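Data first, discussion second: the structure below is written as structure tokens.
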Amino acid sequence: MSKKTSNQMWGGRFAAGPDAIMEAINASIGFDQRMAAQDIAGSRAHAAMLAATSIVSDSDAEAMREGLLTVLSEIEAGNFEFSTALEDIHMNVEARLKELIGEPAGRLHTGRSRNDQVATDFKLWVRDQLDAVDGALQALMKALLTQAESGADWVMPGFTHLQTAQPVTWGHHMMAYVEMFGRDLSRVRDARARMNECPLGAAALAGTSFPIDREMTARELGFDRPSANSLDAVSDRDFALEFLSAASICAMHLSRMAEELVIWSSAQFRFVSLSDRFSTGSSIMPQKKNPDAAELIRAKIGRIFGANVALMTVMKGLPLAYSKDMQEDKEQVFDAADNLMLALAAMEGMVRDMSANRPSLEAAAGSGFSTATDLADWLVRVADMPFREAHHVTGTLVAMAEEAVVDLPDLSLEQMQSVHSAITDDIFGVLGVHNSVASRTSYGGTAPEQVRAQIARWKEVLA
Ligand code: ARG
């Protein structure tokens with residue numbers, strides 16, 4: 001095998017170039033080129049700071065900053081040739097800058113290392129993703145609010161154990177997801193606020209003897225402050241893990257909702273119809289309309305959980321400070337971010353386009369003795385019965401209705417009084433599903449007035 005020359009960026013002490021396998025396992029350019037814009041933004045801020053602190057001349061810094069813009073436009077235009085021999089995005093950009101501007105390019109790396117550089121680039125990338133997820137979550141929540149508003153008082157069965165429990169309103173069910181995605185939104189914002197410290201200037205691990213201005217680079221890059229410990233700054237990937245854990249919880253919510261849409265759109269439920277735009281047909285069964293988008297959301301979530309576990313595992317045994325293991329952080333996060341954004345967009349589209357089947361929801365709301373609790377509550381309230389006794393009396397009535405294959409409101413007053421004499425005609429007022437939901441006016445309850453109050457609150461939050 002021909003002897004390759006050593007690496008032009010760090011090969012001073014090397015007599016021979018790397019083995020092809022070494023190059024293959026070592027290079028990250030195949031994926032970290034996704035951080036090109038962040039890398040160049042970081043380098044431009046660093047160059048400006050090197051001039052402001054007189055570490056390099058103004059004219060050198062200007063050449064670097066201009067040259068870096070040229071590199072960026074080449075990458076964006078797709079006519080940049082990425083080199084595996086140059087390992088990663090940092091050295092690819094710097095080597096090209098050298099070709100463009102010559103000697104001053106060699107001064108760019110003064111007072112920094114690829115360790116603080118990659119931490120900065122990756123943070124900027126994750127920060128952009130947090131902002132994108134923030135926007136996508138808000139869009140989804142707005143679609144849910146629209147659904148909630150149009151059916152704030154539509155009745156449907158509420159379930160526990162997926163068995164009919166009590167009637168609830170469609171608006172209430174939609175707003176439950178608004179709460180869930182609202183917590184996701186606040187997790188994303190917490191993570192963003194906590195991660196917004198700039199690693200640049202931590203250099204390899206110990207800081208630098210050059211009189212750099214870390215406040216300046218932090219400010220230029222939109223960070224709140226420089227990170228306070230250089231060892232921590234280059235070895236911290238908490239920001240990526242917080243992104244992945246917030247993403248995992250959000251993904252879990254998406255998957256639960258996807259599961260409900262799969263169930264609800266089945267012929268057995270018919271609670272919703274999904275639009276043609278978010279369904280597919282079967283190549284053999286002409287009648288089929290499948291909820292593929294919901295199923296794929298449900299499935300894709302596994303990759304996001306997987307990324308979280310994978311990065312936790314990469315990080316868990318690493319001594320301070322940087323280790324090359326940490327190069328394995330990016331692909332996981334890129335893949336999780338892509339799939340989370342896709343899942344959020346698909347869910348938003350499905351929710352926006354779906355129509356709730358009001359008659360099916362209402363028919364199902366009254367089935368399965370869903371107002372039995374209302375009957376028991378009435379016995380407590382009107383007949384002053386202890387709840388446990390009321391529960392027992394109601395259970396007897398349910399058994400009677402079940403035996404007669406009718407619903408509770410179909411029992412006659414005489415039949416009911418044969419179980420307990422305190423029951424009067426008024427009982428029928430609480431056995432209807434609309435009365436049932438209207439009566440649940442406790443804060444956060446399913447009554448349409450409560451649901452409308454929550455819709456109004458969230459509209460204000462998201463305005
Ligand atoms: N490509 C590397 C990474 O993603 C950049 C940092 C390399 N640092 C080093 N000391 N070799 O982690």
Side-chain angles (χ1 to χ4, degrees), residues 6-14 17-19 21-43 45-46 68 71 75 80-98 108-129 195 198-208 217 221 227 229-241 243-244 307 310-337:
S6 67
N7 187 291
Q8 58 170 293
M9 310 299 278
W10 47 249
R13 78 186 298 285
F14 287 78
D19 189 273
I21 297 295
M22 179 58 206
E23 199 168 277
I25 196 172
N26 196 37
S28 54
I29 189 60
F31 48 87
D32 68 12
Q33 53 183 271
R34 276 190 77 164
M35 307 191 305
Q38 289 76 14
D39 190 68
I40 287 170
S43 287
H46 186 67
L68 285 163
V71 178
I75 293 172
F80 187 97
E81 223 180 286
F82 292 105
S83 147
T84 310
L86 288 166
E87 287 182 31
D88 56 27
I89 186 62
H90 324 295
M91 298 202 296
N92 269 268
V93 168
E94 194 185 315
R96 177 67 185 135
L97 185 66
K98 177 98 188 293
L108 175 60
H109 214 51
T110 315
R112 78 169 183 188
S113 147
R114 272 189 296 157
N115 296 349
D116 58 340
Q117 191 178 356
V118 73
T120 305
D121 293 3
F122 196 29
K123 260 197 177 180
L124 290 171
W125 196 91
V126 170
R127 196 176 70 183
D128 287 347
Q129 281 307 305
M195 64 102 79
C198 186
L200 194 60
L205 75 166
T208 174
T217 38
L221 295 169
S227 48
N229 182 303
S230 60
L231 289 169
D232 176 51
V234 293
S235 68
D236 164 38
R237 293 294 181 272
D238 290 5
F239 59 95
L241 287 166
F243 171 71
L244 291 176
L311 186 53
M312 281 288 207
T313 311
V314 165
M315 296 304 296
K316 75 168 181 56
L318 297 186
L320 295 182
Y322 178 85
S323 296
K324 196 61 173 262
D325 309 50
M326 290 162 72
Q327 179 168 285
E328 287 290 311
D329 56 1
K330 291 166 213 56
E331 281 172 294
Q332 302 293 342
V333 172
F334 293 163
D335 185 73

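One-based numbering, in listed order, for ligands and for the atoms of each. Only heavy atoms go into these numbers, but all of them, side chains included; no hydrogens, no water, no symmetry mates. Computed from a predicted structure; not experimentally measured.
Note on K330 versus D32: no salt bridge recorded, every NZ/NE/NH1/NH2 to OD/OE distance being 4.0 Å or above.
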Can you give the donor-acceptor pairs under 3.5 Å from side chains of residues 122-129 to other protein atoms, not counting sequence neighbours?
{"from": "K123", "atom 1": "NZ", "to": "M195", "atom 2": "O", "distance (Å)": "2.9"}
{"from": "K123", "atom 1": "NZ", "to": "E197", "atom 2": "O", "distance (Å)": "2.7"}
{"from": "R127", "atom 1": "NH1", "to": "N196", "atom 2": "OD1", "distance (Å)": "2.8"}
{"from": "R127", "atom 1": "NH1", "to": "L221", "atom 2": "O", "distance (Å)": "3.2"}
{"from": "R127", "atom 1": "NH1", "to": "G222", "atom 2": "O", "distance (Å)": "3.0"}
{"from": "R127", "atom 1": "NH2", "to": "L221", "atom 2": "O", "distance (Å)": "2.8"}
{"from": "D128", "atom 1": "OD2", "to": "Q38", "atom 2": "NE2", "distance (Å)": "3.0"}

Show me a pair-per-line table, with atom names and distances to 0.1 Å, of protein N or O atoms that are under 3.5 Å from an N or O of ligand 1.
{"from": "ligand 1", "atom 1": "1 (N)", "to": "S28", "atom 2": "OG", "distance (Å)": "3.2"}
{"from": "ligand 1", "atom 1": "1 (N)", "to": "D88", "atom 2": "OD2", "distance (Å)": "3.0"}
{"from": "ligand 1", "atom 1": "1 (N)", "to": "Q327", "atom 2": "OE1", "distance (Å)": "2.7"}
{"from": "ligand 1", "atom 1": "4 (O)", "to": "K330", "atom 2": "NZ", "distance (Å)": "2.6"}
{"from": "ligand 1", "atom 1": "8 (N)", "to": "N115", "atom 2": "OD1", "distance (Å)": "2.9"}
{"from": "ligand 1", "atom 1": "10 (N)", "to": "N115", "atom 2": "OD1", "distance (Å)": "3.0"}
{"from": "ligand 1", "atom 1": "12 (O)", "to": "Y322", "atom 2": "OH", "distance (Å)": "2.5"}

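Residues satisfying the side-chain contact (heavy atoms from CB on, under 4.5 Å) test with D238, not counting sequence neighbours, are D236.
The 12-atom threshold is exceeded at CG of L318, counting heavy atoms of other residues, nucleotides or ligands nearer than 6.0 Å. The environment of K324 atom NZ is dense: over 12 non-hydrogen atoms of other residues, nucleotides or ligands sit within 6.0 angstrom.
Sorted by first and then second residue, the pairs that involve residues 86-98 and meet side chain to side chain donor-acceptor pair (under 3.5 Å), not counting sequence neighbours, are W10-E87, N26-E87, D39-H90, E74-R96, E87-R114, D88-R114, H90-D121, R96-E99.
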